[in-house]
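Note on naming: letters A, B, ... go to the chains in the order of the sequence lines (proteins, then strands), and numbering restarts at 1 for each one.
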2 protein chains.
Amino acid sequence: MGKPFLIRNLRFRIICHSLNPEPTQAAITVTPEQTRSPGRPRCENAHQALLNAAQDLLREVPLSGITSASLAKRAGVSKATLYRWWPSKEAILLEGYFEGLKVTCGAPETEDAMVDLREHIRQAYHAMAGPDGVIFASLIADGHAHPEMRKALNDELNSPRCEDVEHLLKRAVAAGQLRSDLDVPLVVDQIFGPLFSRLMTGQPVEEDLGERVFEMLLQGLLPTR
Amino acid sequence: MGKPFLIRNLRFRIICHSLNPEPTQAAITVTPEQTRSPGRPRCENAHQALLNAAQDLLREVPLSGITSASLAKRAGVSKATLYRWWPSKEAILLEGYFEGLKVTCGAPETEDAMVDLREHIRQAYHAMAGPDGVIFASLIADGHAHPEMRKALNDELNSPRCEDVEHLLKRAVAAGQLRSDLDVPLVVDQIFGPLFSRLMTGQPVEEDLGERVFEMLLQGLLPTR
DNA sequence: CCGTTTCGAAACCATCGGTTCCGGTTTCTA
DNA sequence: TAGAAACCGGAACCGATGGTTTCGAAACGG
């Protein structure tokens, strides 16, 4: 309950996310080779095996079917070890998920904010089409029962992504490419809202959904004036 | 797992929903007084007490904190009785939730489809501002682990509401009040998307969110031409 | 009075998240 | 070389929970 919810670290901007095989370079560096404490050093194997197991299981079984025992077993590690390094099942699953994210540091900002915006949205939606979206949805759903998890997901994924889009929107407004009286945060909700509604009600996220959403948003619903 | 997921009944169009005290008239009528089977008659008290307990607990404790035991205890009823009439905790919670919905059969269709649309959206968002929205969100989230629950929620709440809006949209299009080339289902996602994104990420749903969403959708993001 | 169905209480079972204990191992330091 | 310190795996363990079963008692109709 009141337990801390530590994710080992991660400090990078995530935009397009999708579970991918190659691990990211997000390892801790606790002051490089500081007075190494005595005793047997932690077995990095076990650590990585657990994180890999988390990623694998997230892809293979529905979140509700993953148990602490199955995690440990899959990693070939004892449950005790798991709980020595992570405070909860959610914590390790989330860290595994984060570790597997494809970190695509958003379209490299061309001169045209609208181009960036379009590409950004396309990528975000694209990453959520298919099984990866279902995983993300499960985690978000689980956040309802585990506030720390929700916070981590918001802080590390949702908020950064929203801020990026806000930034692009403001650029576009400044360039006169969008209305000057936009309620920017609301536009962000408009952009990603359909993604959530699809994911949370179990409807499919088509590949081109993001583009269609954005196009419709731009034009508006009123008849051409 | 493979258990049936029966909700006693309910066959009404729900538009604006929010837990309210007065129970709806949704009782079964098994062919009025058909050959009454022998044996002790079921205690309607216990039934209603359980449904009430479900509604009360949904309002008082987070979904994840409601247990089958607490339900039974609150209703002053044995757990065995609960499971005699409902196949799972989720089933009774959902039925209790449905029973408590304020059934407001959508704005009585004026001549102006746009007026109806606006009112419709306003009501839907209004019902989700505040604690009722959190309850709905919890149930949707829980649907991720319980497919039958998701289906029930979609069939009884989400889909009908979407169909209503689709209908209104088509009317507005026919009346020339909206673009004729609209992707209607996508517009529906646009309209309710922000509601989901707010609910699922734990952000507040402001009272006027629906109106703002709709207004922005109508105008579009492009500078006035 | 009997058969049938319900009810409540309590015991019961399996699962799961999480902890604890123990014996054994790997490292550092003295 | 001897601790001390930290790690590991295995297994027992705990408490909570969803769900079931058993049993005796009530409520009905015939």
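No N or O donor and acceptor, one from the side chain of A:Lys79 and one from the base of D:dG9, sit under 3.5 Å apart. You won't find any donor-acceptor pair under 3.5 Å spanning the side chain of B:Lys89 and the base of D:dG19, going by distance alone.
Here the closest heavy-atom approach between residue A:Ile92 and residue A:Leu71 is recorded as CG2-CD1, 3.8 Å.
The distance between atom CG of B:Leu93 and atom P of D:dG19, rounded to the nearest whole Å, is 10 Å. When the C1' atom of C:dG18 is taken as reference, atom CD of A:Glu90 falls 12 Å away, rounded to whole Å. Here the C1' atom of nucleotide C:dC16 and the CG atom of A:Leu82 are 13 Å apart, to the nearest Å. Computed from coordinates, the B:Leu71 CG to D:dG19 P distance equals 11 Å when rounded to whole Å. In this entry the distance linking CD1 of B:Ile92 with P of D:dT17 reads 17 Å, nearest Å. For the pair A:Asn45 CG and C:dT26 P, the interatomic distance rounds to 13 Å; values are reported in whole Å. Rounded to whole Å, the distance from CZ on B:Arg40 to C1' on C:dT5 is 9 Å. Here D:dA6 presents its P atom at 17 Å from CD of A:Glu44, a figure rounded to the nearest Å.
Side-chain contact between A:Val213 and A:Ile121 is absent, with no heavy atoms from C-beta onward closer than 4.5 Å.
Formation of a donor-acceptor pair under 3.5 Å by the A:Arg198 side chain with backbone atoms of A:Gln203 is not found in this model. Remark: the backbone N or O of B:Ile66 is paired with a side-chain donor or acceptor of B:Lys89 at under 3.5 angstrom.
Of the side-chain N and O atoms in A:Tyr83, one or more sit less than 4.0 angstrom from OP1 or OP2 of C:dG18. Residue B:Ser68 has a polar side-chain atom (N or O) positioned under 4.0 Å from OP1 or OP2 of D:dG18. Remark: A:Arg84 is not in phosphate contact with D:dC7, judged by side-chain N or O atoms under 4.0 Å from OP1 or OP2. The phosphate of C:dG8 (OP1 or OP2) has a side-chain N or O of B:Thr81 nearer than 4.0 angstrom. The phosphate of D:dC8 (OP1 or OP2) has a side-chain N or O of A:Trp85 nearer than 4.0 angstrom.
A:Ile66 comes within contact range of the sugar-phosphate backbone alone, with a heavy-atom separation under 4.0 Å but no base atom that close. A:Gly65 comes within 4.0 angstrom of no nucleic acid atom, judged by non-hydrogen atoms across all strands.
When distances are taken from the side chain of A:Ser88 to each of D:dG19, D:dT17, C:dG18, the shortest belongs to C:dG18. The listed nucleotides are D:dA27, D:dT17, C:dG17; the one nearest the side chain of B:Pro41 is D:dA27. Of the candidates C:dT20, C:dA9, D:dC8, the closest approach to any side-chain atom of A:Arg42 belongs to D:dC8.
Of the N and O atoms on the side chains of A:Thr201 and B:Asn154, not one donor lies less than 3.5 Å from an acceptor on the other residue.
A tilted orientation is assigned to the rings of A:Trp86 and A:His47, their planes being inclined by 30° to 60°.
Residue B:Cys43 is the one, among A:Ala80 and B:Cys43, whose nearest nucleotide of DNA chain C lies closer to the 5' end (criterion: closest heavy atom).
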